[in-house]
Peer 1: 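A single structure is presented below for examination.
The structure displayed is predicted, hence computed values, not measured ones. Below, read A as the first sequence line, B as the second, and so on, with proteins coming before strands; counting in each chain starts at 1.
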Number of protein chains: 2
Amino acid sequence: MNKKLPDKTVERLSQYRRALLNYLSGGKQHIFSHEIANLLHITAVQVRRDLMLIGYTGTLRQGYDVKELIEIIGKIIDTRDGQKVAVIGIGNLGRSIMGYFSGKRTRLSIVAAFDNNPEKTDKIYAGVQCYHIDQMAEIIKKEGISIAVISVPGEEAVKVAETLVMTGIRGILNFSPKPLNVPAHVYLQEYDMITMLEKIAYFAKKG
Amino acid sequence: MNKKLPDKTVERLSQYRRALLNYLSGGKQHIFSHEIANLLHITAVQVRRDLMLIGYTGTLRQGYDVKELIEIIGKIIDTRDGQKVAVIGIGNLGRSIMGYFSGKRTRLSIVAAFDNNPEKTDKIYAGVQCYHIDQMAEIIKKEGISIAVISVPGEEAVKVAETLVMTGIRGILNFSPKPLNVPAHVYLQEYDMITMLEKIAYFAKKG
DNA sequence: AAATTACTGTTATTTTCATAACAATGTTAT
DNA sequence: ATAACATTGTTATGAAAATAACAGTAATTT
Ligand SMILES: NC(=O)c1ccc[n+]([C@@H]2O[C@H](COP(=O)([O-])OP(=O)(O)OC[C@H]3O[C@@H](n4cnc5c(N)ncnc54)[C@H](O)[C@@H]3O)[C@@H](O)[C@H]2O)c1
Ligand SMILES: NC(=O)c1ccc[n+]([C@@H]2O[C@H](COP(=O)([O-])OP(=O)(O)OC[C@H]3O[C@@H](n4cnc5c(N)ncnc54)[C@H](O)[C@@H]3O)[C@@H](O)[C@H]2O)c1
């Protein structure tokens with residue numbers, strides 16, 4: 001169970017868990033693979049295969065124990081003490097993300113923000129302190145922050161990423177349109193909105 | 001060239017184009033596959049394979065004609081008159097996206113926004129009119145909008161998507177965490193930030 | 001002129017992911 | 001008791017994507 005799961009399976013596990021938490025509030029204690037599948041608009045086989053990969057096994061004709069499954073997924077995705085997240089670049093997008101996560105209760109908590117604009121630093125956004133970028137390395141190490149969200153302009157993103165790698169960061173979510181280059185031990189997820197929209201445009205084309 | 005390209009190839013084409021536009025401003029007229037590859041931190045083979053798929057061929061020992069390639073990619077991704085985009089839900093994220101795209105000049109233009117909050121409707125955000133959600137179907141049809149960005153709360157997203165499908169929308173980018181279900185002729189791209197962060201968390205875990 | 005080099009374009013292989021097929025088994029219906 | 005059913009878990013197959021291998025060729029070097 002310690003071996004690395006496929007990327008897509010991990011994505012779906014996260015979604016299963018949220019769907020299940022929601023389902024649980026309806027009072028039901030068991031759920032069939034095809035019910036989970038319906039919640040996510042995928043197939044029941046996909047669900048069973050994912051659960052097989054994490055070694056969780058349900059009961060024949062009864063399905064899966066919802067609470068148990070939620071817990072197992074938690075053991076896989078979460079660490080015991082949770083992981084800490086920093087947001088770099090408190091512009092429109094950065095602030096929007098901070099606001100969004102301040103409500104959520106997950107094992108991931110945004111504990112620091114960084115910006116290079118003195119008008120934005122030393123203030124609190126969505127309950128989180130924003131420091132000057134020069135303090136980033138120090139604070140990331142001190143706080144044990146392991147995940148960073150990059151929402152600075154493209155030109156700055158490369159520098160920021162380099163610094164992050166030096167601090168020993170382990171995961172990066174990059175919203176800038178600049179492709180980043182990080183060593184293999186840092187998990188990088190790029191999200192380039194323009195690319196996504198242009199891809200949609202291509203597939204939305206008539207003909 | 002009319003046959004559908006692989007999803008990932010289309011993504012990269014969008015990125016090649018932006019990298020090339022940038023490269024062009026440096027004055028160079030030709031570029032090698034390995035130079036394109038370096039810009040994106042991918043391999044040269046990947047680049048050549050993608051270009052093969054779109055049927056563009058460079059010159060031996062000289063590489064690719066940058067302008068020509070930019071133009072070819074444009075012919076693939078863009079339509080002659082561009083496509084129109086609507087943003088549904090003008091909250092923190094929706095406004096952030098509107099602001100972001102108002103600067104950019106692409107063949108994709110955000111031409112309308114929709115919200116159900118009367119305090120937000122009938123105003124202009126980033127140069128774009130925000131209408132009441134009840135007018136959505138009408139305006140999408142009238143304006144010929146083909147792509148929608150969904151940034152309403154999860155509970156609302158399903159309804160919104162159903163309406164969008166009925167208007168004949170062709171592509172959807174969904175930021176809500178609710179998995180949507182659309183017919184095959186609508187291209188759907190989901191982006192669930194929590195899932196992405198949890199995935200990063202999993203791969204960032206020590207062990 | 002022959003060999004080497006530096007590229008492109010294509011085919012072959014591998015890897016990752018999704019889907020299909022089916023065996024196993026307890027439950028319900030007859 | 002037997003047959004039909006509903007559901008899980010696993011193996012087999014297929015599809016999409018990335019990578020590797022290599023053939024072709026013009027320019028450059030020897
Ligand atoms: N706003 C969006 O919806 C959106 C959408 C897609 C992509 N993006 C990308 O996300 C990034 C941020 O977008 P935005 O709209 O929030 O831009 P923004 O200009 O509003 O914010 C950028 C922030 O980064 C800060 N910054 C700049 N350089 C910095 C540095 N070296 N160190 C620390 N902070 C620095 C700025 O002070 C500013 O607060 C950009 O790369 C943009 O391309 C944004
Ligand atoms: N803010 C973020 O950075 C962020 C990050 C990840 C995901 N999301 C997702 O994006 C969506 C929007 O997030 P947000 O932070 O902007 O929320 P928000 O509450 O600030 O904005 C939601 C907007 O949608 C409008 N709305 C609600 N119901 C509507 C309906 N039926 N029709 C039209 N408009 C409607 C509201 O009036 C509001 O303006 C949510 O689904 C959220 O989960 C947001």
Side-chain angles (χ1 to χ4, degrees), chain A residues 1 3-16 20 28-66 68-69 72 179 181 184 187-190 195-196 199 202-203, chain B residues 1 3-16 20 28-66 68-69 72 179 181 184 187-190 195-196 199 202-203:
Chain A
M1 208 229 272
K3 245 200 54 250
K4 283 284 173 267
L5 299 167
D7 205 277
K8 299 290 173 172
T9 294
V10 176
E11 280 185 24
R12 282 188 298 266
L13 288 175
S14 160
Q15 296 180 293
Y16 296 158
L20 290 171
K28 302 254 200 67
Q29 293 186 8
H30 287 85
I31 191 166
F32 296 127
S33 61
H34 65 263
E35 293 178 299
I36 300 180
N38 286 341
L39 295 173
L40 273 76
H41 310 300
I42 60 175
T43 68
V45 189
Q46 182 80 84
V47 173
R48 292 204 301 277
R49 217 171 179 298
D50 287 334
L51 298 188
M52 186 194 93
L53 290 176
I54 67 174
Y56 179 68
T57 137
T59 343
L60 191 52
R61 283 232 158 197
Q62 249 191 281
Y64 305 92
D65 182 302
V66 180
E68 227 171 76
L69 184 47
I72 295 266
N181 194 19
Y187 187 87
L188 171 66
Q189 169 77 41
E190 309 255 8
T195 287
M196 287 307 154
K199 178 173 71 167
Y202 171 79
F203 288 105
Chain B
M1 209 228 273
K3 243 195 62 246
K4 283 284 174 264
L5 298 167
D7 206 276
K8 299 291 174 173
T9 293
V10 176
E11 281 186 23
R12 282 188 298 267
L13 288 175
S14 161
Q15 296 181 291
Y16 295 158
L20 291 171
K28 301 255 200 70
Q29 294 187 7
H30 287 85
I31 192 168
F32 295 126
S33 62
H34 65 263
E35 293 179 300
I36 299 180
N38 286 340
L39 295 172
L40 273 76
H41 309 300
I42 59 174
T43 68
V45 188
Q46 182 79 86
V47 173
R48 292 203 301 276
R49 216 171 179 300
D50 286 335
L51 298 188
M52 186 192 93
L53 290 175
I54 66 174
Y56 179 67
T57 138
T59 342
L60 190 52
R61 286 227 157 200
Q62 248 191 279
Y64 304 93
D65 182 303
V66 180
E68 227 172 76
L69 184 48
I72 297 265
N181 195 16
Y187 186 87
L188 171 66
Q189 169 77 43
E190 310 254 7
T195 288
M196 287 306 153
K199 178 172 70 167
Y202 170 79
F203 287 106

Peer 1: Suppose we call a contact any N or O donor and acceptor under 3.5 Å apart; does that hold for the side chain of B:R48 and the base of C:dC7?
Peer 2: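 Answer is no: no donor-acceptor pair is held.
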Peer 1: Roughly how many Å is it from CG in B:L5 to P in D:dA15, rounded to a whole number?
Peer 2: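 Taking atom P of D:dA15 as the reference, CG of B:L5 is at 19 Å.
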Peer 1: Whole Å only: how far is the CZ atom of B:R61 from the P atom of C:dC7?
Peer 2: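 Going from B:R61 (CZ) to C:dC7 (P), I get 7 Å.
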Peer 1: Only one of B:L51, B:D7, B:L5, B:D50 passes side chain to side chain contact (heavy atoms under 4.5 Å, CB included) with B:R12; say which it is.
Peer 2: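 Single side chain to side chain contact (heavy atoms under 4.5 Å, CB included) partner of B:R12 among B:L51, B:D7, B:L5, B:D50: B:D50.
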Peer 1: Taking the six-membered ring for Trp, are A:Y64 and A:Y56 parallel (under 30°), tilted (30 to 60°) or perpendicular (over 60°)?
Peer 2: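 Plane angle between 30° and 60°, so tilted.
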Peer 1: Can you measure B:L51 atom CG to C:dC7 atom P for me and round it to whole angstrom units?
Peer 2: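 About 16 Å, once rounded to whole Å.
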Peer 1: I need the CG-P distance between A:D50 and C:dT19, as an integer number of Å.
Peer 2: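 Taking CG of A:D50 and P of C:dT19, I get 11 Å after rounding.
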Peer 1: Can you tell me which nucleotide in C:dC7, D:dG9, C:dT28 comes closest to the side chain of A:T57?
Peer 2: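 Nucleotide nearest to A:T57's side chain: D:dG9.
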Peer 1: Taking atom C1' of D:dG9 as reference, at what distance in whole Å does atom CD of A:Q62 sit?
Peer 2: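 Answer to the nearest Å: 16 Å.
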Peer 1: The side chain of A:M52 lies closest to which of these nucleotides: D:dG24, D:dT10, C:dA18?
Peer 2: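 The closest nucleotide is D:dT10.
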Peer 1: Can you say whether a donor on the side chain of A:R49 sits under 3.5 Å from an acceptor on the base of C:dT19, or the other way round?
Peer 2: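 In this structure, the two groups form a donor-acceptor pair.
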Peer 1: Quick check for you: among C:dC17, D:dT7, D:dT19, whose closest atom lies nearest to any side-chain atom of B:V45?
Peer 2: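 Given the options C:dC17, D:dT7, D:dT19, the side chain of B:V45 is closest to D:dT19.
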Peer 1: Nearest 0.5 angstrom please: A:K4 NZ to B:Y202 OH, how far?
Peer 2: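 One finds 4.5 Å between NZ of A:K4 and OH of B:Y202.
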Peer 1: Kindly say if B:R12 contacts the phosphate of D:dA18, meaning a side-chain N or O under 4.0 Å from OP1 or OP2.
Peer 2: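 For B:R12, the contact criterion (side-chain N or O under 4.0 Å from OP1 or OP2 of D:dA18) is met.
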Peer 1: On DNA chain C, compare the nucleotides closest to A:P6 and B:H34; which residue's is nearer the 5' end?
Peer 2: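 Nearest nucleotide further toward 5': that of B:H34.
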Peer 1: Starting at CD of B:E35 and ending at P of C:dC7, how long is that distance when rounded to a whole Å?
Peer 2: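 So the CD-P distance, B:E35 to C:dC7, works out to 8 Å.
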Peer 1: Out of D:dT19, C:dT19, C:dT5, which nucleotide sits closest to the side chain of B:Q46?
Peer 2: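 Between D:dT19, C:dT19, C:dT5, the one nearest the side chain of B:Q46 would be D:dT19.
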Peer 1: Nearest 0.5 Å please: distance from the CG atom of A:L188 over to the CG atom of A:N181.
Peer 2: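 If I round to the nearest 0.5 Å, the distance is 9.0 Å.
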Peer 1: Let me know the distance between CG of A:L53 and P of D:dT11, rounded to the nearest Å.
Peer 2: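 About 11 Å, once rounded to whole Å.
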Peer 1: Between B:D7 (CG) and D:dA15 (P), how many Å, whole number?
Peer 2: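 Distance check: B:D7 CG to D:dA15 P gives 17 Å.
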Peer 1: At under 4.0 Å between heavy atoms, what does B:T9 touch on the DNA or RNA strands: base, sugar-phosphate, or nothing?
Peer 2: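 Since no nucleic acid heavy atom lies under 4.0 Å of B:T9, the category is nothing.
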Peer 1: If only atom types and distance count, is the side chain of A:Q46 paired as donor or acceptor with the main-chain N or O of A:T43 below 3.5 Å?
Peer 2: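 No; judged by distance alone, with no hydrogens or angles, the pair does not exist.
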